[in-house]
Amino acid sequence: MTALKSDFLREITERGFVHQCTDLDGLDALMSEAPVTAYIGFDCTADSLHVGSLVPIMLLHWLQRAGHRPIALMGGGTTKVGDPSGKDDSRRLLSQTQIEANMAGIRRIFDRYLTFGDGPGDALMVNNDDWLDGLQLIDFLRDYGRHFSVNRMLTFDSVRLRLEREHPLSFLEFNYMVLQAYDFLELARRHGCVLQMGGSDQWGNIVNGVELGRRVDQRALYGLTSPLITTAAGAKMGKTAEGAVWLNAERLAAYDYWQFWRNCDDGDVGRFLRLFTLLPLDEINRLDGLDGTEINDAKKMLANEATALCHGREAAETAAETARRTFERGGHGDDLPTLEVSRGELEVGIAAYELLCRAGLTASNGEARRLIKGGGGRLNNRQIADETATVGLADSDDDGLIKLSAGKKRHALVRVIG
RNA sequence: GGAGGGGUGCCCGAGUGGUUAAAGGGGACGGGCUGUAAACCCGUUGGCUUCGCCUACGUUGGUUCGAAUCCAACCCCCUCCA
């Protein structure tokens, strides 16, 4: 590969964001000359995004940093159709109101990563429902449908894989790639957008848009995809015991977000630092070279930086401090999930398993019992020996706190009140 | 519209009248070893007021001492035909 002239492309290439590009040299020439507008589309299937969407979000962030203009496209319209890419089954259809509520939630996340506004380099958020909803079927088919060959559509992974596995693919979903292609054209016309980025599973959809732009408007459009990020263990990243790693604090506390990064595999640290933090590359290379126990410093750095981006520097520091006190000193920090229990109730005594459950460390009393039987329940750092054990006022410290743990990693506090 | 196949626990998938809270695998969680890592070994994996009770195999009824297993109707999915 020849040396890239564009700051943006060079940065994201070195950081591991680039998988494929429709015309890297052409794009490089364009981006090194003047600011360009680029977009990435996001589904509105939930009211938050999770770390699976972090790669595209970071791409937009770097784009803006390099002086270009990012567009976050909300798939308010396409979510009604459902992208078949990478999915074996059709998705449940969402109602209009659900989609709108989801968009509002997602918007708040973007505010952390992008600067929105009306200035030349300010980010834009648009909703494709604005143009898709009013389409007239016959007009649309005649103007744009004729540029799509079904023969070719059948060869795209999103369709082909479904057919090969004999999983159903509805006609509705079959149209998804056409709509996404049209999105690109629409954004090119409205905002002069020339680049669409996305995950590697979006390649087919993106290429369709590039071609549509050329055929209909003789526009030169570009596409760029990033690799699917998996963990060193080979799993799709972003799952914890509690489920997806969400980016909003209501769904996943900043402390838990910090812990997610802190607990990554050794083999992932360097890659994740490059992708999910803004640290300079030479600093990352140093951290990546650390061995043995020292690699924990790199993981803390990863957790600090990733959390600061998502939840703010202050939240990251609180989470780090809580982790330090909890793990390195065997104490506890302010940021641990806390359950309030009345003095009166504790005077009588509460079964340890019930408290574990109420503190959210287990999903049910039965699970808590099993945890204790298996030696995983801890009260103030001491293993709970007996599943019938009760917790009383005497177990609280001078501050009226009791520390509960499920295993060595998951902790919660009980605060005595009243 | 016709014919056939199928819907089982977080997922995949056995089970075709009782010994089935339901084999096996995956995942997840816990213990041991560690570095809040990986690998490995062991254990757990429906709920509850837990030596007992309750709820579960698409839904609703039925047969039976007894059903995930048999029957009926309904819902949903797939395949082939029209």
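Quick note on labels: first sequence line is chain A, next is B, and so on, each numbered from 1.
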J.: With both distances kept under 3.5 Å, what pairs with G27(B), Watson-Crick or G-U wobble?
T.: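 Paired with U45(B).
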J.: For the P atoms, the ones on G58(B) and on U8(B), what distance do you get once it is rounded to whole angstrom?
T.: 7 Å
J.: In whole Å, what separates the C1' atom of G27(B) from that of U59(B)?
T.: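 Rounded to whole Å, the distance is 30 Å.
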J.: Look at Asp288(A) together with Arg271(A) and state whether they make a salt bridge at an N to O cut-off of under 4.0 Å.
T.: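 Not counted as a salt bridge, because no side-chain N and carboxylate O are separated by less than 4.0 Å.
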J.: Using atom C1' in both nucleotides, what's the gap between A56(B) and C29(B) to the nearest angstrom?
T.: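 Nearest-Å result for A56(B) against C29(B) at atom C1': 22 Å.
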J.: Categorize Ala323(A) for me: base, sugar-phosphate, or nothing, with a 4.0 angstrom heavy-atom threshold over every strand shown.
T.: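 Touches a base.
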J.: Please state how far atom NE2 in His411(A) lies from atom C1' in C29(B), giving the value in whole angstrom units.
T.: 15 Å
J.: Looking only at atom C1', what distance separates U69(B) and G6(B), rounded to whole Å?
T.: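 Result for the C1' pair: 16 Å, nearest Å.
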J.: If I take atom CZ in residue Arg369(A) and atom C1' in nucleotide U50(B), what distance separates them, rounded to the nearest angstrom?
T.: 5 Å
J.: Side chain of Gln259(A) only, please: which of U36(B), G31(B), C29(B) is the nearest?
T.: U36(B)
J.: I need the CG-C1' distance between Leu356(A) and G30(B), as an integer number of Å.
T.: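 After rounding, the reported distance stands at 12 Å.
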J.: Using a cut-off of 4.0 Å on non-hydrogen atoms, how would the nucleic acid contact of Gly292(A) be classed: base, sugar-phosphate, or nothing?
T.: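 Base: the residue Gly292(A), judged by heavy atoms under 4.0 Å, touches a nucleobase.
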J.: Pairing check on A22(B): which nucleotide meets the Watson-Crick or G-U wobble criteria with it, both distances under 3.5 Å?
T.: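 Base partner found: none.
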J.: Would you kindly compare Lys409(A) and Gly374(A) by the position of their nearest RNA chain B nucleotide and give the one closer to the 5′ end?
T.: Gly374(A)
J.: A side-chain contact here means heavy atoms from C-beta on lying under 4.5 Å apart; do Phe184(A) and Leu212(A) qualify?
T.: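 No, side chains not in contact.
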J.: Using atom P in both nucleotides, what's the gap between U63(B) and C12(B) to the nearest angstrom?
T.: 34 Å
J.: Determine the interatomic distance between C1' on C33(B) and the same-named atom on C40(B); round to the nearest Å.
T.: 9 Å
J.: Is Lys300(A) paired with Glu305(A) through a side-chain N to carboxylate O contact shorter than 4.0 Å?
T.: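 Result for this pair is no, no salt bridge flagged.
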J.: Would Val269(A) and Leu287(A) count as a side-chain contact (heavy atoms from CB on, under 4.5 Å) if you check the C-alpha gap in whole Å, the side-chain angles of each, and the deciding distance to 0.1 Å?
T.: CA-CA 9 Å; Val269(A) 180; Leu287(A) 290 167; 5.9 Å; no
J.: Which base, if any, makes a Watson-Crick or G-U wobble pair with G61(B), both distances under 3.5 Å?
T.: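 Because both required distances fall under 3.5 Å, G61(B) counts as paired with C71(B).
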J.: Please give the nucleotide sitting opposite U36(B) as a Watson-Crick or G-U wobble pair, both distances under 3.5 Å, or none.
T.: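 In the structure as shown, U36(B) has no Watson-Crick or wobble partner.
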J.: Hey, is the side chain of Asp266(A) pairing donor to acceptor with the base of G35(B) inside 3.5 Å?
T.: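 Side chain to base: pair found, below 3.5 Å.
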J.: Using the C1' atom on both, measure G31(B) against G61(B) and round to a whole Å.
T.: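 These two C1' atoms come out 48 Å apart once rounded.
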J.: Considering only C29(B), U36(B), G35(B), which nucleotide approaches the side chain of Arg410(A) most closely?
T.: C29(B)
J.: Select base, sugar-phosphate, or nothing to describe what Trp261(A) touches, counting heavy atoms under 4.0 Å on all strands.
T.: nothing
J.: Assign the ring pair Phe171(A) / Phe174(A) to parallel, tilted or perpendicular, where the plane angle (0 to 90°) is split at 30° and 60°.
T.: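 Tilted: the ring planes of Phe171(A) and Phe174(A) meet at 30° to 60°.
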J.: Between A3(B) and A73(B), how many Å separate the two P atoms, rounded to a whole number?
T.: 13 Å
J.: Rounded to whole Å, how long is the line connecting atom OH of Tyr353(A) with atom P of C29(B)?
T.: 25 Å
J.: As a test of reading the structure: which of G35(B), G47(B), U36(B) is closest to the side chain of Thr293(A), going by heavy atoms?
T.: G35(B)
J.: Assign Asn263(A) to base, sugar-phosphate, or nothing according to its heavy-atom contacts below 4.0 angstrom with the strands shown.
T.: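 Base contact.
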J.: Counting the atoms with a prime plus P, OP1 and OP2 as sugar-phosphate, which does Arg378(A) contact under 4.0 Å by heavy atoms, base, sugar-phosphate, or nothing?
T.: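 The answer is sugar-phosphate, as Arg378(A) gets under 4.0 Å only of primed atoms, P, OP1 or OP2.
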J.: Are any of the side-chain nitrogens in Glu367(A) or Arg370(A) under 4.0 Å away from the carboxylate oxygens of its partner?
T.: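 Result for this pair is no, no salt bridge flagged.
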J.: Check whether any side-chain N or O of Ser364(A) sits under 4.0 Å from OP1 or OP2 of C48(B), and answer yes or no.
T.: yes
J.: Who does G4(B) pair with, Watson-Crick or G-U, both distances under 3.5 Å?
T.: C78(B)
J.: With nearest nucleotide decided by heavy atoms, which residue, Asn365(A) or Asp291(A), maps closer to the 5′ end of RNA chain B?
T.: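 Its nearest nucleotide being more 5', the pick is Asp291(A).
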J.: Separation of Glu367(A) atom CD from U44(B) atom P, in whole Å?
T.: 15 Å
J.: For a quick check of understanding: with a heavy-atom distance under 4.0 Å over all strands, which category does Gly366(A) fall into, base, sugar-phosphate or nothing?
T.: base
J.: Taking 4.0 angstrom as the limit, do Glu211(A) and Arg214(A) come out as a salt bridge?
T.: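 Judged by the 4.0 Å cut-off on N to carboxylate O distance, Glu211(A) and Arg214(A) do not form a salt bridge.
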J.: Of all the nucleotides listed (G46(B), A37(B), G31(B)), which has the minimum atom distance to the side chain of Arg370(A)?
T.: G46(B)
J.: With sugar-phosphate meaning primed atoms plus P, OP1 and OP2, does Lys373(A) contact a base, only sugar-phosphate, or nothing at under 4.0 Å between heavy atoms?
T.: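 Nothing, no nucleic acid heavy atom in range.
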J.: When we call it a touch if two heavy atoms are under 4.0 Å apart, what does Arg262(A) touch: a base, just sugar-phosphate, or nothing?
T.: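 The residue Arg262(A) makes base contact.
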